[in-house]
Amino acid sequence: MTDDDKKFMTRAIELSEKTSMIDSAGGVFGTVIVQDGKIIAEGANRVVAENDPTWHGEIEAIRKACKAEGSFKLRDATLYTSAEPCPMCMAAAYWAGIKRIYYASSNEDAAEYGDFDDSMIYGEMKKPMAERSIPSQQIMQAEAVEVWKKYKNKADRVPY
């Protein structure tokens, strides 16, 4: 751990304390995204305040960083988060092209001290679609695939 790592993680932890203990906006989750040695975005959990189950610190920070950078890919960015990312936030980090993640508390810590337990989601994702607890059924595949075919051949399509 470098002095910079400590500085950036300290800021993420400060954000987690403010959002949970002072603002009562959500859980104990704060995030900073760093590029070229500078914080380019910060985020905090606001699930309760915004009535939005997706308003996690990592998601907010990724949105802000992408907007600031003018790109949906974050080149060489490092994400510092006060807690191990949930499945949604980890997927968002992959989609954003985050290069490295540092986290402070573990999923086990979040479960023990805050009753945050994502183990059910991890278990559900390992199951075949038909065995998951949220019933899912594919319908109108042919119609949807027609749009995919058009998209595949779109001349000005932006590659992901």
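The structure presented is a predicted model; accordingly, all values stated were derived computationally and were not measured.
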Practice prompt. Determine, for Glu60 against Arg63, whether the closest basic-nitrogen to carboxylate-oxygen distance falls under 4.0 angstrom.
Written response: no
Worksheet item: Are Arg100 and Asp5 ion-paired here, with the side-chain N under 4.0 Å from a carboxylate O?
Response: no
Applying the 4.5 Å side-chain criterion to the ILVMFWY set and letting contacts propagate, would [X] and [Y] be lumped into a single cluster?
| X | Y | value |
| --- | --- | --- |
| Val34 | Ile13 | yes |
| Met90 | Leu79 | yes |
| Met140 | Val145 | no |
| Ile101 | Ile62 | yes |
| Val47 | Val28 | no |

Worksheet item: For Phe29, what residues pass the ring pair (Phe, Tyr, Trp, His ring centres under 6.0 Å) criterion, not counting sequence neighbours?
Response: Phe116
Worksheet item: Is there side-chain contact between Tyr122 and Pro87, with at least one heavy-atom pair below 4.5 Å?
Response: yes
Practice prompt. Check whether any side-chain heavy atom of Val48 sits under 4.5 Å from a side-chain heavy atom of Ser24, and report yes or no.
Written response: no
Worksheet item: Would you call the rings of Tyr160 and Phe72 parallel, tilted or perpendicular, where under 30° means parallel and over 60° means perpendicular?
Response: tilted
Is there a donor-acceptor pair under 3.5 Å between the side chain of [X] and the backbone N or O of [Y]?
| X | Y | answer |
| --- | --- | --- |
| Asp23 | Ala25 | no |
| Glu42 | Val32 | no |
| Arg46 | His56 | no |
| Lys73 | Trp95 | yes |
| Asn45 | Gly27 | yes |
| Ser106 | Ala104 | no |

What pair of heavy atoms forms the shortest contact from [X] to [Y], and how long is it?
| X | Y | answer |
| --- | --- | --- |
| Leu74 | Ile98 | CD1-CD1, 3.7 Å |
| Gly30 | Leu15 | CA-CB, 3.9 Å |
| Ala41 | Ala61 | CB-O, 3.3 Å |
| Ile59 | Cys89 | CG1-SG, 3.8 Å |

Fill in: side-chain hydrogen bond (donor to acceptor under 3.5 Å, both in side chains) evaluation trace for Gln35 with Thr78
CA-CA 6 Å; Gln35 191 163 277; Thr78 300; over 6 Å; no
Worksheet entry | side-chain hydrogen bond (donor to acceptor under 3.5 Å, both in side chains) between Thr81 and Glu58, worked out | CA-CA 7 Å; Thr81 183; Glu58 295 92 337; 3.0 Å; yes
Under a 3.5 Å cutoff, is there a donor and acceptor pairing between the side chains of [X] and [Y]?
| X | Y | answer |
| --- | --- | --- |
| Ser71 | Glu69 | no |
| Thr2 | Asp4 | no |
| Ser133 | Glu124 | yes |

Fill in: Partners meeting side chain to side chain donor-acceptor pair (under 3.5 Å) with Lys154 (sequence neighbours left out)
Asp156
Practice prompt. Tell me whether the guanidinium CZ or amine NZ of Arg11 lies under 6.0 angstrom from the six-membered ring centre of Tyr80 and within 45° of its axis.
Written response: no
